[in-house]
Engineer: 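One structure, as structure tokens, below. Some questions next.
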There are 2 protein chains.
Amino acid sequence: MSGTNTGVPSVLAHELPHPVPAGEFAACPVGDVFRRVGDRWSMLLVILLGGRPYRYNELHRAIEGISQRMLTRTLRGLETDGLVRREVFPTVPPSVEYSLTPLGRTLLPPLSVLADWAVQHEAEINEARSRHPGARERGR
Amino acid sequence: MSGTNTGVPSVLAHELPHPVPAGEFAACPVGDVFRRVGDRWSMLLVILLGGRPYRYNELHRAIEGISQRMLTRTLRGLETDGLVRREVFPTVPPSVEYSLTPLGRTLLPPLSVLADWAVQHEAEINEARSRHPGARERGR
DNA sequence: CTGCATCCCTATTGATACTG
DNA sequence: CAGTATCAATAGGGATGCAG
């Protein structure tokens with residue numbers, strides 16, 4: 001793993017000196033977090049569950065656009081990382097409740113800051129994009 | 001100014017009331033930002049360029065692990081979104097310098113907050129992961 | 001109700017080779 | 001030096017059907 005960060009406040013507060021060892025960053029927890037939250041549904045689920053616990057189909061209906069497959073996979077991923085808790089109630093029919101763990105809840109404020117940035121600078125980004133006609137991926 | 005909480009539209013500050021229209025979030029700027037920064041190299045480049053301007057091959061060597069293709073594509077994407085500036089010096093041989101735009105610089109603090117979270121909770125995440133043996137998705 | 005299995009399509013990423 | 005072009009491999013994501 002990357003070096004031992006013993007309570008280092010902010011890895012970005014001070015600028016990175018030199019050639020980033022790549023392994024010191026790409027493999028470091030920061031990249032990990034961005035990937036976990038950067039996929040299509042994780043962030044949305046964390047935010048949703050930040051409000052209150054949800055049942056499986058409740059989430060499925062709430063998001064409306066996510067497939068069962070991805071809902072399950074994303075929830076499992078979040079659960080694996082200790083951000084979401086899955087609780088099964090042996091009722092008939094069975095019901096499963098998903099909620100944020102304490103760790104998951106601590107992720108809300110940082111997420112909020114970035115979300116805040118996005119909202120505040122949305123216009124600038126769109127403006128910049130419209131200025132670059134063909135620059136956008138020529139995929140498809 | 002764009003300090004932390006300016007009583008602004010922090011989309012997360014207040015909980016989402018009901019069934020998220022999906023389009024209200026998946027298509028909203030927040031999702032956009034997370035995807036841009038959530039890919040494999042964007043964040044690293046922004047952070048790197050946050051320190052000082054870099055030349056193309058300088059970045060290539062600094063990251064060591066990124067392919068020319070991805071370096072170029074990622075830089076183009078960031079440029080399209082107005083986060084990075086590309087400046088060509090008609091020297092011989094030619095040199096190109098990449099740097100953060102003012103907009104790009106405003107992204108640093110929010111990034112820092114999330115990076116900070118990642119560092120602080122790295123242990124908890126790893127612990128949670130090791131507790132879930134086969135939970136991790138296994139393709140094919 | 002909750003969710004796994006399967007098939008399939010597309011987007012992303014990389015390795016490699018080549019050019020202005 | 002600073003890229004572009006091409007091809008191959010993989011991961012993300014969705015539709016559908018079946019099972020506990």
Side-chain angles (χ1 to χ4, degrees), chain A residues 22 26-27 31-32 34-45 49 53-80 84-99 134-140, chain B residues 22-23 26-27 31-32 34-45 49 53-80 84-99 132 134-140:
Chain A
D32 246 41
F34 275 80
R35 300 257 210 93
R36 150 99 25 252
V37 175
D39 70 16
R40 191 162 182 182
W41 306 107
S42 292
M43 169 191 60
L44 179 54
L45 281 175
L49 294 175
Y54 277 79
R55 301 240 319 268
Y56 182 84
N57 270 349
E58 205 175 4
L59 284 172
H60 195 202
R61 279 188 299 270
I63 298 184
E64 191 81 35
I66 191 174
S67 62
Q68 287 187 323
R69 174 187 160 86
M70 288 318 297
L71 178 54
T72 300
R73 284 175 68 107
T74 305
L75 284 170
R76 287 282 183 281
L78 293 170
E79 189 192 356
T80 296
V84 162
R85 182 182 176 209
R86 176 175 181 271
E87 201 171 357
V88 182
F89 297 98
T91 58
V92 180
S95 73
V96 181
E97 189 176 277
Y98 292 92
S99 57
R136 207 69 172 122
E137 299 296 313
R138 80 274 151 108
R140 200 238 173 16
Chain B
D32 245 40
F34 275 80
R35 298 254 212 99
R36 150 93 32 247
V37 174
D39 70 16
R40 189 160 185 183
W41 306 108
S42 292
M43 169 191 61
L44 179 54
L45 282 175
L49 294 175
Y54 278 79
R55 303 235 320 266
Y56 182 85
N57 269 348
E58 205 175 3
L59 284 171
H60 195 200
R61 279 189 299 271
I63 298 183
E64 192 82 35
I66 191 174
S67 62
Q68 287 186 322
R69 173 187 160 85
M70 288 318 296
L71 177 55
T72 300
R73 285 177 70 101
T74 305
L75 284 169
R76 289 281 185 281
L78 293 170
E79 189 192 357
T80 295
V84 163
R85 181 182 176 209
R86 176 176 179 270
E87 203 171 356
V88 182
F89 297 97
T91 59
V92 180
S95 74
V96 180
E97 189 175 277
Y98 292 91
S99 58
H132 288 254
R136 208 77 171 119
E137 269 303 315
R138 190 175 325 295
R140 57 162 34 82

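Here is how names work: the chains are called A, B, and so on, in the same order as the sequence lines, proteins then strands, and each is numbered from 1.
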Engineer: Measure from CE on A/Met70 to P on C/dC4 and round the result to the nearest Å.
Structural biologist: 13 Å
Engineer: Ignoring backbone atoms, establish whether A/Arg69 has a side-chain N or O less than 4.0 Å from OP1 or OP2 of C/dG3.
Structural biologist: no
Engineer: Could you list the residues that satisfy side-chain hydrogen bond (donor to acceptor under 3.5 Å, both in side chains) with B/Glu79, not counting sequence neighbours?
Structural biologist: none
Engineer: Test side-chain contact (heavy atoms from CB on, under 4.5 Å) on A/Ile66 and A/Leu59 and set out the steps.
Structural biologist: CA-CA 9 Å; A/Ile66 191 174; A/Leu59 284 172; over 6 Å; no
Engineer: Looking at every strand, decide which applies to B/Phe89 at a 4.0 Å heavy-atom threshold: base, sugar-phosphate, or nothing.
Structural biologist: nothing
Engineer: If I take atom CD1 in residue A/Ile63 and atom C1' in nucleotide D/dG14, what distance separates them, rounded to the nearest angstrom?
Structural biologist: 15 Å
Engineer: What integer distance in Å separates B/Ile66:CD1 from C/dT12:P?
Structural biologist: 15 Å
Engineer: Rounded to the nearest Å, what distance is computed from the CG atom of residue A/Leu71 to the P atom of nucleotide D/dG12?
Structural biologist: 16 Å
Engineer: Suppose we screen for side chain to side chain contact (heavy atoms under 4.5 Å, CB included). Which residues come up paired with B/Pro94, at least two apart in sequence or across chains?
Structural biologist: none
Engineer: Quick one: CG on B/Leu71 to CZ on B/Arg76, what's the gap to the nearest 0.5 Å?
Structural biologist: 9.5 Å
Engineer: Quick one: which protein N/O atoms are closer than 3.5 Å to N/O atoms of nucleotides 18-20 of chain C? Pair and distance per line, please.
Structural biologist:
none

Engineer: NE2 of A/His60 versus C1' of C/dT2: gap in Å, rounded?
Structural biologist: 11 Å
Engineer: Counting only side-chain N and O atoms of A/Arg40, is one of them less than 4.0 Å from OP1 or OP2 of D/dG14?
Structural biologist: yes
Engineer: Can you check the A/Glu58 CD to C/dT2 C1' distance for me, whole Å?
Structural biologist: 14 Å
Engineer: I'd like to check B/Glu97 versus B/Arg85 (side-chain heavy atoms, cut-off strictly below 4.5 Å). Are they in contact?
Structural biologist: no
Engineer: Backbone N or O of B/Gln68 within a donor-acceptor pair of the B/Tyr56 side chain at under 3.5 Å?
Structural biologist: yes
Engineer: Based on the rotation axes of five pairs at each end, what angle does the helix from C/dC1-D/dG20 to C/dG20-D/dC1 bend through, to 10°?
Structural biologist: 40°
Engineer: For the residue pair B/Val84 and B/Arg86, establish whether any side-chain heavy-atom pair is separated by less than 4.5 Å.
Structural biologist: no
Engineer: Can you measure B/Glu97 atom CD to D/dG3 atom P for me and round it to whole angstrom units?
Structural biologist: 12 Å
Engineer: Does B/Arg61 make a side-chain N or O approach to OP1 or OP2 of D/dA2 shorter than 4.0 Å?
Structural biologist: no
Engineer: Under the side chain to side chain contact (heavy atoms under 4.5 Å, CB included) rule, collect the residues that match up with A/Ser42, sequence neighbours excluded.
Structural biologist: A/Arg36, A/Asp39, A/Thr74, A/Leu78
Engineer: Output all residues satisfying side-chain hydrogen bond (donor to acceptor under 3.5 Å, both in side chains) with A/Arg55, sequence neighbours left out; order by chain, then residue number.
Structural biologist: none
Engineer: Distance check, rounded to the nearest 0.5 Å: A/Thr80 atom OG1 versus A/Arg73 atom CZ?
Structural biologist: 11.5 Å
Engineer: For A/Tyr56 and C/dC4, is the shortest distance between a side-chain N/O and OP1 or OP2 below 4.0 Å?
Structural biologist: no
Engineer: Counting only side-chain heavy atoms from C-beta out, which of C/dG3, C/dA15, D/dT4 sits nearest to A/Val96?
Structural biologist: C/dG3
Engineer: Figure out the CG/C1' separation between A/Leu44 and D/dG13, and round it to whole Å.
Structural biologist: 15 Å
Engineer: Could you work out which one of D/dG3, D/dG14, D/dC1 sits closest to the side chain of A/Trp41?
Structural biologist: D/dG14
